[in-house]
Engineer: 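Provided herewith is a single structure, encoded as structure tokens, for subsequent inquiry.
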Protein chains: 4
Amino acid sequence: MASVTMSMLEAYPKSINLDRAKLAAVVDTLNSCAQACTACADACLSDDMVAELAKCVRSNLDCADVCTTTARVLSRHTGYDANVTRSLLEACATTCRSCGDECARHADRHEHCRICADACRECERACRDLLATIS
Amino acid sequence: MASVTMSMLEAYPKSINLDRAKLAAVVDTLNSCAQACTACADACLSDDMVAELAKCVRSNLDCADVCTTTARVLSRHTGYDANVTRSLLEACATTCRSCGDECARHADRHEHCRICADACRECERACRDLLATIS
Amino acid sequence: MASVTMSMLEAYPKSINLDRAKLAAVVDTLNSCAQACTACADACLSDDMVAELAKCVRSNLDCADVCTTTARVLSRHTGYDANVTRSLLEACATTCRSCGDECARHADRHEHCRICADACRECERACRDLLATIS
Amino acid sequence: MASVTMSMLEAYPKSINLDRAKLAAVVDTLNSCAQACTACADACLSDDMVAELAKCVRSNLDCADVCTTTARVLSRHTGYDANVTRSLLEACATTCRSCGDECARHADRHEHCRICADACRECERACRDLLATIS
């Protein structure tokens with residue numbers, strides 16, 4: 001995944017307002033987080049105690065949707081609008097924070113929640129790091 | 001569409017933190033805007049002068065993705081987190097504003113941009129109205 | 001929603017291989033079904049007996065994703081490829097059938113499943129009707 | 001990406017009807033292809049000759065949507081329905097074939113189309129390989 005994202009960024013024929021290597025890393029992190037969240041929602045759903053994990057499933061579904069959309073927007077450079085990128089990165093960091101917190105609550109009993117919490121934490125950090133570079 | 005969204009909101013068995021009728025209206029407006037943006041991107045693409053509409057296509061693609069994701073998040077009530085809803089509504093209003101501005105620039109020459117600009121304006125307003133009711 | 005979909009189809013400047021009124025109706029039906037499925041997944045999730053509805057939630061999530069994607073593909077006319085449209089309509093009809101069957105199993109106890117089963121049935125029929133017109 | 005997908009599959013607590021390692025590889029290939037297609041659409045859009053690449057942009061948008069949806073469906077195992085998986089893999093292989101063919105037409109003049117064509121070919125193959133294992 002990392003290689004395709006970076007290869008495509010290098011093949012973009014015009015200038016890009018953000019650092020290409022950093023951008024590729026954030027996009028890959030967003031896609032990984034979306035993947036972890038989709039899988040965590042389903043793993044929670046398979047649990048006999050799913051009633052206790054309902055909020056976790058919901059957070060996972062939101063986080064998967066928001067990360068996928070953010071990765072798509074960050075993968076477009078034509079007609080760049082810093083306001084859109086900035087507001088979406090902020091929403092994505094907030095969503096990852098919320099989902100990471102919820103998954104962390106079940107991390108000791110559910111390996112899938114532990115892995116997903118880590119993915120959310122990393123993704124929140126990646127969004128905030130990129131945000132700091134956008135003027 | 002309106003009826004299914006409202007019917008499903010009425011069938012939600014637990015309490016909902018936001019007003020159901022207002023919520024249904026915003027979700028329908030988001031879905032309409034996403035539909036208009038997906039269609040506008042394609043109509044721009046079919047134009048012989050698409051090179052002049054490249055930024056419009058890009059704005060449309062972003063706006064379709066963000067509106068679809070926002071409609072999904074607003075359609076979930078289990079484990080509600082006001083921070084997620086708020087930040088996503090802000091990002092969505094910003095994205096609709098950007099796309100509406102871009103479409104408005106071509107509205108006199110392209111009927112699809114005129115219709116899409118209206119859909120984006122209405123959606124931006126709907127997001128901001130709902131935002132104002134979230135404490 | 002219906003009006004935006006049809007207005008945008010009428011504003012598409014080139015020829016379209018399928019009947020515009022029928023196409024608009026199918027796209028609206030797909031978007032309604034996606035909306036019903038997203039809401040039904042969440043309503044199931046809020047239920048204390050969610051463990052008995054786990055398969056329903058999963059079917060809903062699949063159906064929402066497939067219907068949204070099918071609506072997007074049907075909303076693009078530039079560079080039309082009948083093979084893509086046909087195979088996706090077949091997958092969508094299959095997914096709606098599966099989700100409709102699952103929701104129907106809980107329709108007498110859950111109003112949201114009853115509404116969603118109807119939306120899936122209607123959507124399956126709309127996909128098959130359109131399929132029959134594609135040579 | 002690969003590691004998160006596989007880690008989450010290993011953490012799924014119930015049985016899975018398909019081979020986990022093969023499944024993880026297909027999901028990663030689907031996500032890579034979606035990423036390549038989203039980026040290729042945008043790179044085409046930035047080109048002064050975008051009018052000649054309009055069909056390529058459209059194929060890319062379809063392929064990104066279908067691959068993302070297929071990856072999500074394959075990442076869910078609870079309440080597995082072989083009919084849904086099979087029909088969606090067939091639609092995805094058809095879509096990847098169509099997009100790969102279109103990108104291949106421009107591969108000698110556009111590096112992004114060359115990379116994307118490869119991603120589509122690999123993804124079509126991965127979908128067909130997995131299909132062959134589903135009874």
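First the proteins, then the strands, lettered A, B, ... as listed; each starts at 1. Since the structure is predicted, the reported quantities are computational estimates derived from the model, not experimental observations.
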Engineer: With chain B, which of C/His110, C/Glu111, C/Arg76 has the greatest number of heavy-atom pairs at distances under 4.5 Å?
Structural biologist: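 Option with the greatest count: C/Arg76.
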Engineer: When only pairs under 4.5 Å are counted, which of C/Ala41, C/Ala71, C/Ala43 shares the most heavy-atom pairs with chain B?
Structural biologist: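 The residue among C/Ala41, C/Ala71, C/Ala43 with the greatest pair count is C/Ala43.
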Engineer: Which answer fits C/Thr68, side chain, backbone, both or neither, if we ask what part of it has an atom under 4.5 Å from a heavy atom of chain B?
Structural biologist: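 Contact with chain B is through the side chain of C/Thr68 alone.
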Engineer: Using only non-hydrogen atoms and a strict under-4.5 angstrom cutoff, which residues of residues 121-135 of chain C touch chain B?
Structural biologist: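 Interface residues of residues 121-135 of chain C: none, nothing closer than 4.5 Å to chain B.
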Engineer: Go through C/Glu10 and B/Ile115 one step at a time and tell me if the side chain to side chain contact (heavy atoms under 4.5 Å, CB included) criterion holds.
Structural biologist: CA-CA 11 Å; C/Glu10 284 169 348; B/Ile115 299 168; over 6 Å; no
Engineer: Below 4.5 Å, heavy-atom pairs only: which of B/Thr29, B/Asp47, B/Asp65 has the largest tally toward chain C?
Structural biologist: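 When all of B/Thr29, B/Asp47, B/Asp65 are compared, B/Asp65 has the most.
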Engineer: Is it the backbone or the side chain of B/Ala34 that comes under 4.5 Å from a heavy atom of chain C, or both, or neither?
Structural biologist: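 Looking at B/Ala34, nothing touches chain C.
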Engineer: To the nearest 0.5 Å, what is the distance between CG (C/Leu74) and OG1 (B/Thr38)?
Structural biologist: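 These two atoms lie 11.5 Å from each other.
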Engineer: Measuring heavy-atom distances to chain C, does B/Ala119 have an atom under 4.5 Å in its side chain, in its backbone, in both, or in neither?
Structural biologist: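 B/Ala119 has no heavy atom closer than 4.5 Å to chain C.
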Engineer: Restricting to non-hydrogen atoms, name the atom on B/Met8 and the atom on C/Ala39 that form the minimum distance, rounded to 0.1 Å.
Structural biologist: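 Where B/Met8 meets C/Ala39 most closely, the heavy atoms are CB-CB, 3.7 Å.
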Engineer: Hey, are the side chains of C/Gln35 and B/Ser75 touching, using non-hydrogen atoms and a 4.5 Å cut-off?
Structural biologist: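 Answer yes - side chains close enough.
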Engineer: Distance from C/Cys37 atom SG to B/Arg72 atom CZ, nearest 0.5 Å?
Structural biologist: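 Rounded to the nearest 0.5 Å, the SG-CZ separation comes out at 10.0 Å.
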Engineer: Please tell me if the side chains of B/Lys14 and C/Asp48 come closer than 4.5 Å, counting only heavy atoms from C-beta onward.
Structural biologist: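 SC-SC contact between B/Lys14 and C/Asp48 confirmed.
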Engineer: Heavy-atom distance under 4.5 Å to chain C: side chain of B/Cys40, backbone, both or neither?
Structural biologist: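 Looking at B/Cys40, backbone and side chain both touch chain C.
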Engineer: Could you measure the distance from the OG1 atom of B/Thr78 to the CG atom of C/Leu45? Nearest 0.5 Å is fine.
Structural biologist: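 Interatomic distance, B/Thr78 OG1 to C/Leu45 CG, rounded to 0.5 Å: 5.0 Å.
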Engineer: With a 4.5 angstrom heavy-atom cut-off, is it the side chain or the backbone of C/Ala64 that approaches chain B, or both, or neither?
Structural biologist: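 Both parts, backbone and side chain.
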